[in-house]
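Atoms considered below: every heavy atom in the structure, side chains included; atoms not considered: hydrogens, waters and symmetry mates. Convention: sequence-line order gives letters A, B, ...; per-chain numbering from 1.
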Amino acid sequence: MSETSSLTVTIASLSAHEGQTVTLRGWLYNIRSSGKLLFPTFRDGTGTIQGIVPRAAVPEEVFETLKNLQLESSLTVTGKVRADSRAPSGYELDVESIHIISAVSADEPFPITLKEHGVDFLMEHRHLWLRTPRQSAILRVRATIMRAAAEYFDTNGFIRTDPPILTPNACEGTSELFEMDYFDDDKAYLTQSGQLYIEATALALGKVYSFGPTFRAEKSKTRRHLTEFWMIEPEVAHLELNGLMDLAEAFITHIVTRVLESHRADLKVIGRDVEKLEAVILPTDASSKVATATDTGTNIAAPTDAGINVIAPSGTGINIAAPTGTGIQVAAPTDASIKNESVILSEGAAEVEGPAVKTAPNRFPRLSYDEAHAMLEKAFAEGKIENPHTYGDDFGSPDETYISSQFSKPVMVHRYPAAFKAFYMQPDPLDPTKALCVDVLAPEGYGEIIGGSQRIDSYDLLKQRIEEHNLPLAAFQWYLDLRKYGSVPHAGFGMGIERAVAWICGLDHVRETIPFARTLNRIYP
RNA sequence: UCCUGAGUAGCUCAAUGGCAGAGCAUUCGGCUGUUAACCGAAGGGUUGUAGGUUCGAGUCCUACCUCAGGAGCCA
C-alpha cells in the first residue's frame, strides 16, 4: 500500500485509460463479496467504478483492509482498468493496492444506505445525502442550468448588475419578508426580488440582468416552495411584452439545449424522460396538443430545417445570437412558424405594439388570460378539472397544471387582470383592466417558472398605483425618479432556478434542486 | 393560518385491545463474478411527549410536539 507513481485520474475519464494502471482518489461507495472475491464500488464525485479484488491476487493486507472497511471511508486505490461486460459501468478496476485516508468507524456507520429512506431522515442528513449518485447528478445539472442562464445573457449583450440583498422596504408589498435590525433604529429586509433596482440599471445600461439569492417568508409548504431560492432576472429598456415573451422563449430553449448537450448520463441517473425535454426545443411539435386545445383542427406543418429557429423581434434592441457550434440557427420566420402562430397567438396581440415589433416564431404556445380561462371553462364542462375557474380570479395550481398539461412545451399566459397583479405592471392599451404581463408555465404540471411584465413608464400612473396599493410613497421616490428622467418602455422577468431545475430534472420537490434547501420547517443542516 | 395524513430498533416498515416482529445496517461465520449480491447466526426497543379509558394500550380518547403535502400566496 505504498505510494505509487501511477497516473491519478477521475472515474469519469476511466474509459480513456483502458489497459493502464491508474490511481483514483475517492470513497468506498459499496462493497459486495463472493467467497474469496471482493467487489468494492468506488466513487469520486465524477462517477462510480466497480473494483475486483481476488484474495489470491493481492497482498493479504489489501484484501483484509478492504473487507473490513466501512462505506464512505476515503481512500486512494490503484489498479488496472479493464473493460468487462459484467461490471455495471462496462469497466472495472483490478485492484492492486489501496491507501486508506480516513476509515469510517463501524460503531457509527455511514447513515445513508442504498435502501430507501424517508424525507425527514434524508433532509436531516442532507450533508451526507449529497454523496449519492442521484443527488450529485442533480447538482451537476443545476450548475449547468445556472451557467447556461448567465451565458445566455452574457453572450447577448446583457450586463450583469446585481441588486442589493438588504433592502429598506418591500419590493412589491405582497410576500412576507424576512426582517432584521439594521444598526440602531432601522429595519432591513432580505430581498424578495431585485427587479426595482435593475429597472434603474436597465435605464443606465440598456440590457441588464441580475442573478442571486432571494428570500420569501411565506408560510408555504409545498413541493414548489423554498424560503431561500435563486432567481435570474433580465430587465431591458425599450422592450415591450411580445419581445419579452420572445426573450423568455429563446432563454429557456438555450438552457434546455445546454442541459441536453452535456448531461445525458446525469439525466439517466436521475431517471428523467429525456424525450419530454427534446420536445421543448424541437422547432415545432406536430404531435402537440396545440391544435386540439384551440379546436381549430389546423394542421401544423413543421419547418423544413431541423435546426432551432431563434427569431429576434426587430426594433426591440434585442439581438439574439446563438453561440457558434451549438446547432442553434438564427433564422427568419418560416411560413410554417407563422402559420403555427396563427393557430395559437391571440388575435390582435401582435398589433398592440405596432409595426415596429415583428411577430414571434411562437414555438412556445401563447395564451391570453381570456383564452386560458376559456380553456378551463371547457375543461370543467367536460369534467377534466374539479373546480370551475372564476373569471377575474388568478389561476390556482390545479388550473396551471391543467393548462400546461395541454402542451408539450412551456406555455406563456399573458395579459392577466391587473387587479391581482403587481402595482408596477403596464396596463394593456387595448384593455386597461389587463396588465401586460406573462407567466411561463413549465410542462408536466411544474407550474410557474417565469413571471414577468412590461413596467409602467408613466410617472403619474405609477404614482397613482403606489397610492392605490397603500405603499409608502417616500420609499418609492427613487423608483418614481426613473419615470421622471427619460422614462422609456421597459420589461423584464424573473426565473426561479430551483423550479427550473425541478422541471428539467423531473423532480418531485424543489428541496432536491439546491445543496441545502431552506424550507418553512427546516434550517438544518 | 387552514385542511389532511404520519410518528414502533440506526434506517424502511409490520403487529383483531392480549408474548415487541421482519428486511437492511452492525458483529461473527459461509460462498471465486457479485450487480441495492446471497445463505446462516448474534446483539439491538422508555412504540414522539403528557394525561385518560381498560383486567390489559403500539393499537381507543384528549392535549401538545415533530414531520409530510395540499390550500391560500408566490418563482
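Of all the residues in residues 499-519 of chain A, A/R499, A/H509, A/R511 reach under 4.0 Å from RNA chain B with at least one non-hydrogen atom. Looking at residues 37-54 of chain A, you'll see A/L37, A/F39, A/Q50, A/I52 sit with a heavy atom under 4.0 Å from some atom of RNA chain B.
A/Y416 has its OH atom 11 Å from the P atom of B/A75, to the nearest Å. The distance from atom CD of A/E400 to atom P of B/C73 is 11 Å, rounded to the nearest whole Å.
Using cut-offs of 30° and 60° on the angle between ring planes, the pair A/F423 and A/Y479 is perpendicular. Using the six-membered ring where Trp is involved, A/H127 and A/H125 have ring planes that are parallel, under 30° apart on the 30 and 60° scheme. Taking the six-membered ring where the residue is Trp, A/H389 and A/F395 present tilted rings, their angle falling between 30° and 60°.
With sequence neighbours excluded, the residues that form a salt bridge (charged side-chain N to carboxylate O under 4.0 Å, His left out) with A/E444 are A/R272. Every side chain to side chain contact (heavy atoms under 4.5 Å, CB included) that A/R43 has, sequence neighbours left out, goes to A/W27, A/Y29, A/T48, A/E72, A/R131. Annotation: salt bridge (charged side-chain N to carboxylate O under 4.0 Å, His left out) contacts of A/R522 (sequence neighbours excluded): A/D120, A/E124. Annotation: side chain to side chain contact (heavy atoms under 4.5 Å, CB included) contacts of A/R264 (sequence neighbours excluded): A/L260, A/V274, A/E278. Every residue was checked against the side chain to side chain contact (heavy atoms under 4.5 Å, CB included) condition with A/E108, not counting sequence neighbours, and none meets it. Residues satisfying the side chain to side chain contact (heavy atoms under 4.5 Å, CB included) test with A/A83, not counting sequence neighbours, are A/E18, A/Y91.
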Taking only N/O atoms, report every protein-nucleotides 12-14 of chain B pair under 3.5 Å with atom names and distance.
| residue | atom | partner | partner atom | Å |
| --- | --- | --- | --- | --- |
| B/U12 | OP1 | A/G118 | N | 2.7 |
| B/U12 | O4' | A/E116 | O | 3.4 |

Please enumerate all protein N or O atoms sitting under 3.5 Å from an N or O of nucleotides 25-31 of chain B, with distances to 0.1 Å.
| residue | atom | partner | partner atom | Å |
| --- | --- | --- | --- | --- |
| B/U27 | OP1 | A/Q70 | NE2 | 3.1 |
| B/C31 | OP2 | A/K36 | NZ | 3.4 |
| B/C31 | N1 | A/G35 | N | 3.4 |
| B/C31 | N3 | A/G35 | N | 3.0 |

What nitrogen or oxygen pairs link the protein and nucleotides 41-43 of chain B at under 3.5 Å?
none

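When the side-chain nitrogen and oxygen atoms of A/N30 are compared with OP1 and OP2 of B/A36, none of them lie within a distance under 4.0 Å.
Looking at A/S368, its side chain does come within 3.5 Å of a backbone N or O of A/E371 through a donor-acceptor pair.
Checked against A/Y209 for a ring pair (Phe, Tyr, Trp, His ring centres under 6.0 Å), the options A/Y152, A/Y197, A/F153 give a single hit: A/F153.
Counting only N and O atoms by type, the side chains of A/T253 and A/R363 include a donor and acceptor under 3.5 Å apart. Side-chain polar atoms of A/E235 and A/Q195 form no donor-acceptor pair below 3.5 angstrom. A donor atom on one side chain and an acceptor atom on the other are found under 3.5 Å apart for A/Q50 and A/R32.
Within the 4.0 angstrom heavy-atom criterion, only backbone atoms of the sugar-phosphate kind lie near A/R522; the bases stay farther away. If you check every strand for non-hydrogen atoms under 4.0 Å, A/E92 touches a base.
The side chain of A/K115 sits closest to B/C24 out of B/C24, B/G33, B/A75. Of the candidate nucleotides B/A36, B/U1, B/G33, B/U1 has the atom lying nearest to any side-chain atom of A/K219.
Heavy atoms of other residues, nucleotides or ligands lying less than 6.0 angstrom from CD of A/E64 number more than 12.
If you look at A/F251 and A/F493, their ring centroids are closer than 6.0 Å. Under the 6.0 Å cut-off for aromatic ring centres, A/F380 and A/Y402 do not qualify, their centroids lying 6.0 Å or more apart.
Contact of A/S220 with B/C74 (side chain to base): no donor-acceptor pair of N or O atoms is detected under 3.5 Å.
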> Which string of ( ) [ ] | and . matches RNA chain B, if you list each base 5' to 3' and count Watson-Crick or G-U pairs only when both distances are under 3.5 Å?
Replying inline: (((((((..((((....[..)))).(((((.......))))).....(((((..]....))))))))))))....

>> Is there a side chain to side chain contact (heavy atoms under 4.5 Å, CB included) between A/V256 and A/W503? Walk through the geometry before answering.
In response: CA-CA 10 Å; A/V256 174; A/W503 161 51; 3.8 Å; yes

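Where A/A56 and A/G494 meet RNA chain B, the nucleotide closest to each residue was compared, and A/A56 sits on the side nearer the 5' end.
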